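One structure is given below, encoded as structure tokens.
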Amino acid sequence: MSPPDVRKITSLAQAVDARISAARLTAAPGTSPVDRARFLTALTARLRECLGRGGAELTLTLHPCASDGTVLVRAVVEPLAPRPGRTPPWELTLTCPGPAPRDLPQPVGQDDTTYADAVLAADQETASILRRLDETDRQLRLHREELHATNQGVLALHAELEAAARTQRALLDAERTAHAAAEKTRRLLTFLGDASAAVTASLDQDDILRLLPELLVPEYASQVDVWLFDESADPHSARSAAAVAAARSDRPQHAGPRPGALPGVHDLPPSALSPDRPLLSIPLTVRRTAGVLTLTASGDRFDADTSVMLVELARRIAIALDNARRYEQHRDTAETLQRAQLTDLPRTEGLDLAARYLPATRGLNIGGDWYDALPQPDGSVLAVVGDVTGHGLRAAVIMGQLRTALRAYAAEDDSPARILTRLHRMLRHQQPNLYATAVIARFRPGDPHVVWAAAGHPPAVVRVPGGSVRVLDTRPGVMLGVPLPFEYEDQRAELPPGSTLVLYTDGLVERRAHGIDPGIELLGRTLSALGDSELEDLDGCAESLLKPLVHDTERDDDVCLLLCRTAPPPSREHHPSR
């Protein structure tokens, strides 16, 4: 490191000389002009400041850096005039490319050309700096223009992105709206299908009417009212003005504090009769207006889509109610015809009879079962139980024909087998594709036997005095009407005095889930559990048999039961011995 150059600066010439020396020290080609100008300008300003206060001492030193070959030029300025307090000297450094000069520059005289060179060099440095500043300014201007263009592009892109975002939000809103509408439509159609299946599953008007509030309240209505009119009733006698208008016009009506504007629904004008909550009255029409369904809104209005679904549901309810009404009429007619053809049981000596007929409680399974008892000229009695396949009016009519034909055949022949054979032939030729089962039992006074024959019928059950029960399970013949020739045979079974023979149709013992055998076993156990004294009241005995088998369940089929009890043996009188 070269020895430091220490100078006292007390005049302007010394200050200029010091600046020239500093300029020479920092004149290495690789030195940054801007950094050099800052260094020299700061040094000059500091020296000028110190000259105004009595001068300063300037120390210039060179510090080579061994690591990268650069030189550190260090200038220290300390005022000559003492100041209150201790203040550190002013110091500034500049890094210049190496190598470092061997000797520090010596002071120059005022007449030396160095002054002119220094001034020219300063101007050149200033010009260089100005050129750099101009270039920098030009670069800044270009950067500003690029930045402005970039900002404009960013703003345009931001506007496009904002527009795209608005469009996307609109599309998302439209998609949500469409999805909500589709979900609402799906929910309404699902409810319509489920509700339609529920109301059409029953053929009982009361069941359908009880079901409606469960289906509609509270989601679609807060209250459900149905007014049904019979053939002679005036539909204008309904308790609601909206219902009256719906019945009169055969068109859905809306009544409320304000119009509902519902599709296909007429708005009644506001009046004193308008309710606090909107009402929707829909006529129940199939071939005629049979009633009105009135719904009270759950909220302050009816939804348009929901009202369309409710009107369609009302149409299906009307069909279900009409089907139930027609079914009940058909069923009542069949039951009336059926009961009209069941004759009163005759009173015969030596044989007590009791019968029960119960119509089916489900469906149209009515009209095919019958019982009969025919006294013969020789004192014998033919007991008959039969069951025609099929149900309804046709089965009741065929049952009547079979009963009439059986009575005619029985007047000519008392053999159960021959009677069944003739019935089989008649049914094959006159009623093809229709079949029947039957059992005929013949009782003769004083004969401890029963002669019977069966055509595909459930077996008879016998209870003898003391409670023993057996099933007459000889294999029965084919059903009546089966398209093949068949000759039935008489069967004979012992029947002690006081015995009870039970004839019945399959509706008494057959259940879909269990078949027929468990029912026959239950019938036998129930019959065996009855005491001999209970059998004296044969009507009460019939009720005791029916109760565990059918009274506590809904019946899918008719039930016929015929009890035949032979006279007990005569009691012996005991006389005391004499």
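The model shown is predicted, which means the values in this text are computed figures rather than measured ones.
Between Leu313 and Leu216, the closest side-chain pair of non-hydrogen atoms falls below 4.5 Å. The shortest distance between side-chain heavy atoms of Leu549 and Val559 does not fall below 4.5 Å. Using a 4.5 Å heavy-atom threshold, the side chains of Ile319 and Asn323 count as touching. Residues Leu203 and Arg326 form no side-chain contact, since every pair of their non-hydrogen atoms from C-beta on lies 4.5 Å or further apart. Between Arg277 and Gln223 the shortest side-chain heavy-atom distance does not fall below 4.5 Å. Considering only heavy atoms from C-beta on, Leu563 stays 4.5 Å or farther from Leu535 through its side chain. Within the 4.5 Å cutoff, no side-chain heavy atoms of Ile419 are placed close to those of Val384. At a threshold of 4.5 Å between non-hydrogen side-chain atoms, the residues Arg325 and Leu228 do not count as touching.
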For residues 460-469, dump all side-chain donor-acceptor pairs below 3.5 Å to protein atoms at least two apart in sequence or in another chain.
| unit_1 | atom_1 | unit_2 | atom_2 | d |
| --- | --- | --- | --- | --- |
| Arg463 | NE | Leu527 | O | 3.0 |
| Arg463 | NH1 | Asp532 | OD1 | 2.9 |
| Arg463 | NH2 | Leu530 | O | 2.6 |
| Arg463 | NH2 | Asp532 | OD1 | 3.3 |

Could you walk me through whether Val509 and Leu522 pass the side chain to side chain contact (heavy atoms under 4.5 Å, CB included) test, one step at a time? CA-CA 8 Å; Val509 294; Leu522 177 59; over 6 Å; no

Residue pair Glu219, Phe191: steps toward the side chain to side chain contact (heavy atoms under 4.5 Å, CB included) verdict: CA-CA 11 Å; Glu219 184 170 0; Phe191 172 78; 5.7 Å; no

Go through it in stages, so that I can follow the logic: the residues are Leu382 and Leu406, the test is side chain to side chain contact (heavy atoms under 4.5 Å, CB included), and I'd like the CA-CA distance, side-chain angles, deciding distance and then a yes or no. CA-CA 10 Å; Leu382 294 178; Leu406 189 148; 5.8 Å; no

Evaluate salt bridge (Lys or Arg N to Asp or Glu O under 4.0 Å) for Arg356 paired with Glu543, printing each intermediate quantity in order. CA-CA 8 Å; Arg356 291 291 185 273; Glu543 292 297 326; 2.7 Å; yes

Could you go step by step and tell me if Val199 and Leu212 meet the side chain to side chain contact (heavy atoms under 4.5 Å, CB included) rule? CA-CA 8 Å; Val199 298; Leu212 295 182; 4.0 Å; yes

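Each side-chain hydrogen bond (donor to acceptor under 3.5 Å, both in side chains) pair with one or both residues in residues 501-510, not counting sequence neighbours, appears once here: Asp369-Thr505. Note on residues 198-208: pairs passing salt bridge (Lys or Arg N to Asp or Glu O under 4.0 Å), not counting sequence neighbours, are Asp207-Arg210. The list of side-chain hydrogen bond (donor to acceptor under 3.5 Å, both in side chains) pairs with a residue in residues 476-491, not counting sequence neighbours, reads Ser415-Asp490, Arg425-Glu487. Applying the salt bridge (Lys or Arg N to Asp or Glu O under 4.0 Å) rule to pairs touching residues 290-300 yields Arg258-Asp300, sequence neighbours excluded. Listed by first then second residue, pairs satisfying side-chain hydrogen bond (donor to acceptor under 3.5 Å, both in side chains) with a partner in residues 303-314 read Lys184-Asp303, Asp303-Thr306, Glu312-Arg315, Glu312-Arg316, not counting sequence neighbours. Applying the salt bridge (Lys or Arg N to Asp or Glu O under 4.0 Å) test to pairs two or more places apart or on separate chains, those with a residue in residues 377-391 are Asp378-Arg444.
For the side-chain contact (heavy atoms from CB on, under 4.5 Å) test, residues two or more places apart in sequence or in another chain that qualify with Ala383 are Phe443, Leu503, Leu562, Cys564. Under the rule for a salt bridge (Lys or Arg N to Asp or Glu O under 4.0 Å), the partners of Arg407 that lie at least two apart in sequence or sit in another chain are Asp372. Annotation: side-chain contact (heavy atoms from CB on, under 4.5 Å) contacts of Pro375 (sequence neighbours excluded): Pro346, Thr348. Residues meeting the salt bridge (Lys or Arg N to Asp or Glu O under 4.0 Å) test with Glu412, sequence neighbours left out: Arg422. Looking at residues two or more places apart in sequence or on another chain, you find no ring-ring contact (aromatic ring centres under 6.0 Å, His included) involving Tyr409.
When Leu472, Val451, Val450 are each tested for a side-chain contact (heavy atoms from CB on, under 4.5 Å) with Leu495, only one passes: Val450. Screening Leu279, Leu262, Ile282, Leu268 for a side-chain contact (heavy atoms from CB on, under 4.5 Å) involving His254 leaves a single residue, Leu262.
Note that CG of Leu188 is 10.0 Å distant from CD of Glu183, once rounded to the nearest 0.5 Å. Here Arg565 contributes atom CZ and Leu538 contributes atom CG; the two are 7.0 Å apart, rounded to the nearest 0.5 Å. One finds the CG atom of Leu523 at 8.0 Å from the CG atom of Leu561 (value rounded to the nearest 0.5 Å). With values rounded to the nearest 0.5 angstrom, Asp250 atom CG is found 12.5 Å from Arg248 atom CZ. Distance CG/Leu280 to CD/Gln253: 9.5 Å, rounded to 0.5 Å. The structure places CG of Leu321 at 5.0 Å from CD1 of Ile208, a figure rounded to the nearest 0.5 Å.
Between the Thr289 side chain and the Ala247 main chain, no donor and acceptor come within less than 3.5 Å of each other. A donor-acceptor pair under 3.5 Å is absent between the side-chain atoms of Asp558 and the main chain of Tyr357, judged by distance alone. The main-chain N or O of Ala455 is never found under 3.5 Å from a side-chain atom of Thr437 such that the two would form a donor-acceptor pair. A donor-acceptor pair under 3.5 Å is formed between the side chain of Thr421 and the backbone N or O of Ala417. In this structure a side-chain-to-backbone donor-acceptor pair under 3.5 Å is present from Thr200 to Ser196.
Salt bridge status for Asp447 with Arg442: absent, with no side-chain N to carboxylate O gap under 4.0 Å.
Classification of the Phe486-His424 ring pair by plane angle, with boundaries at 30° and 60°, yields perpendicular.
A pairwise comparison of heavy atoms in Ala493 and Arg470 identifies CB-NH2, 4.0 Å as the closest pair. Minimum interatomic distance between Ala246 and Pro283 (heavy atoms only, all atoms of both residues): O-CB, 3.8 Å. For the pair Ala195 and Leu215, the tightest heavy-atom approach, listed with the atom from each and the gap, is CB-CD1, 4.0 Å. Here the shortest heavy-atom pairing between Ala373 and Leu353 reads CB-CD1, 3.6 Å. Leu295 and Ala221 get closest at one heavy-atom pair: CB-CB, 4.1 Å. Of all non-hydrogen atoms in Ala438 and Leu480, the two that sit nearest each other are CB-CD1, 4.0 Å.
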